[in-house]
Amino acid sequence: MKLHVKYFASLRESVGRAGDDVELPCERLSVAELREHLAAQGIEALAETGKLRAAVNQVMAEPETSVGDGDEVAFFPPVTGG
Amino acid sequence: MSISIQTADFDAGRECADLLAGRHDVGAVASFIGVVRGDGGVAAMTLEHYPGMTEKSLAAIAAEARERWPAVAALRVIHRVGRLRVGDQIVFVGVAGGHRGEAFAACEFIMDYLKTRAPFWKKEETEAGVRWVEARDSDDAAAARW
């Protein structure tokens with residue numbers, strides 16, 4: 001399956017780019033598993049901090065939220081708007 | 001229910017007047033304005049957001065406010081993005097309702113939820129350099145009250 005991954009704020013700066021197109025041999029996985037996979041692929045900023053949040057298809061997600069083909073998955077630090 | 005993400009400034013008086021325009025069921029308008037504070041040598045900040053998700057999350061927060069306080073007649077949320085200086089307005093929330101109770105409550109609820117759920121991030125500029133603002137536990141506690 002193919003996913004589009006996005007990074008925001010300090011995470012985007014640490015990764016050095018705004019996103020990645022990712023191809024995986026499985027049909028589904030969890031947000032936490034995707035994060036582990038990307039960290040293992042060399043995106044160290046995803047391994048470093050436990051404080052990151054995620055969204056799937058632009059809705060706040062949990063580590064156990066399931067991700068499938070064509071989904072947009074974003075990782076970012078806790079939000080600080082307002 | 002109207003939501004805007006914009007770089008431009010806003011006129012809170014005009015926004016409140018628009019909430020009332022043509023209505024006879026409104027007895028109260030509560031509004032909140034967030035402003036760039038100059039603590040700790042902050043001179044300016046840049047607000048980044050997640051286009052698409054920002055609009056969706058604010059619409060969901062506004063819809064939840066209307067569900068919780070059905071007497072809310074109209075509401076308006078404006079959040080600025082881009083580079084803002086100390087004293088600049090960042091965010092406006094205006095709620096019109098039949099009575100002050102729902103207007104005050106819904107306005108505070110929207111701000112508390114926005115602070116913890118809408119994808120905005122602040123990067124502050126000081127003489128020492130730039131730094132990303134850290135999320136506060138007190139904001140999570142404020143959102144958890146509702």
Side-chain angles (χ1 to χ4, degrees), chain A residues 1-22 29-32 34-35 38-39 43-82, chain B residues 3 5 32-37 42 45-61 77-82 84 89-93 107-124 129-140 142-143:
Chain A
M1 68 167 171
K2 291 181 180 175
L3 298 173
H4 185 62
V5 180
K6 292 185 166 199
Y7 314 110
F8 288 94
S10 54
L11 179 66
R12 174 177 48 74
E13 290 185 348
S14 302
V15 175
R17 56 188 181 275
D20 284 307
D21 286 314
V22 178
L29 82 177
S30 71
V31 166
L34 175 63
R35 183 176 161 180
L38 293 169
I43 304 176
E44 287 170 17
L46 285 174
E48 279 167 14
T49 169
K51 271 190 151 185
L52 291 178
R53 302 284 190 267
V56 176
N57 297 327
Q58 305 188 347
V59 175
M60 285 291 187
E62 300 297 327
E64 56 274 15
T65 301
S66 179
V67 175
D69 188 45
D71 284 349
E72 176 178 300
V73 184
F75 292 100
F76 42 79
V79 301
T80 56
Chain B
I3 288 157
I5 314 299
F32 173 84
I33 301 167
V35 176
V36 179
R37 202 176 45 236
V42 172
M45 62 172 55
T46 299
L47 271 139
E48 175 176 331
H49 76 121
Y50 181 173
M53 181 174 170
T54 314
E55 293 82 352
K56 276 190 197 175
S57 64
L58 292 177
I61 292 166
V77 179
I78 303 171
H79 205 300
R80 295 178 70 193
V81 293
L84 301 173
Q89 303 187 116
I90 305 172
V91 59
F92 173 85
V93 176
C107 187
E108 194 170 14
F109 166 84
I110 290 168
M111 271 312 300
D112 284 347
Y113 264 43
L114 183 157
K115 280 269 188 189
T116 53
R117 297 180 184 207
F120 294 99
W121 299 273
K122 291 181 181 134
K123 190 181 195 178
E124 294 177 337
V130 296
R131 65 184 178 216
W132 289 97
V133 174
E134 299 263 332
R136 295 176 177 195
D137 291 340
S138 59
D139 287 333
D140 285 330

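Just so we're on the same page: letters track the sequence lines, and every chain starts at 1.
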Query raised in the report: Among P77(A), A74(A), P78(A), G82(A), who wins on heavy-atom pairs under 4.5 Å with chain B?
Result: G82(A)
Query raised in the report: By a 4.5 Å heavy-atom criterion (distance strictly below it), what part of K123(B) contacts chain A: side chain, backbone, both, or neither?
Result: side chain
Requested in this report: Decide side-chain contact (heavy atoms from CB on, under 4.5 Å) for W132(B) and E13(A); before the verdict, give the C-alpha distance in whole Å, the side-chain angles of both, and the deciding distance to 0.1 Å.
Outcome: CA-CA 11 Å; W132(B) 289 97; E13(A) 290 185 348; 2.9 Å; yes
Report task. Could you tell me how the ring of Y50(B) sits relative to the ring of F76(A): parallel (under 30°), tilted (30 to 60°) or perpendicular (over 60°)? Result -> perpendicular
Query - Contacting moiety of T116(B), where chain A heavy atoms sit under 4.5 Å - result: backbone
Query raised in the report: Using a cut-off of under 4.5 Å for heavy-atom pairs, which of S57(B), A118(B), G34(B), A60(B) has the most such pairs with chain A?
Result: A118(B)
Report task. Please step through side-chain contact (heavy atoms from CB on, under 4.5 Å) for the pair E48(B) and R12(A), ending with a clear verdict. Result -> CA-CA 11 Å; E48(B) 175 176 331; R12(A) 174 177 48 74; 2.3 Å; yes
Report summary line: Value for CE (M53(B)) from CE (M60(A)), rounded to nearest 0.5 Å, stands at 4.0 Å
Requested in this report: Kindly compute the distance separating OG (S10(A)) from CD (E134(B)), expressed to the nearest 0.5 Å.
Outcome: 8.0 Å
Query raised in the report: Checking K122(B) against chain A: side chain, backbone, both or neither under 4.5 Å from a heavy atom?
Result: both
**Report entry** Minimal non-hydrogen separation, W121(B) against T80(A), with atom names
**Finding:** CA-OG1, 3.3 Å
Report summary line: Closest non-hydrogen contact found for P119(B) with V79(A) is CA-CG1, 3.6 Å
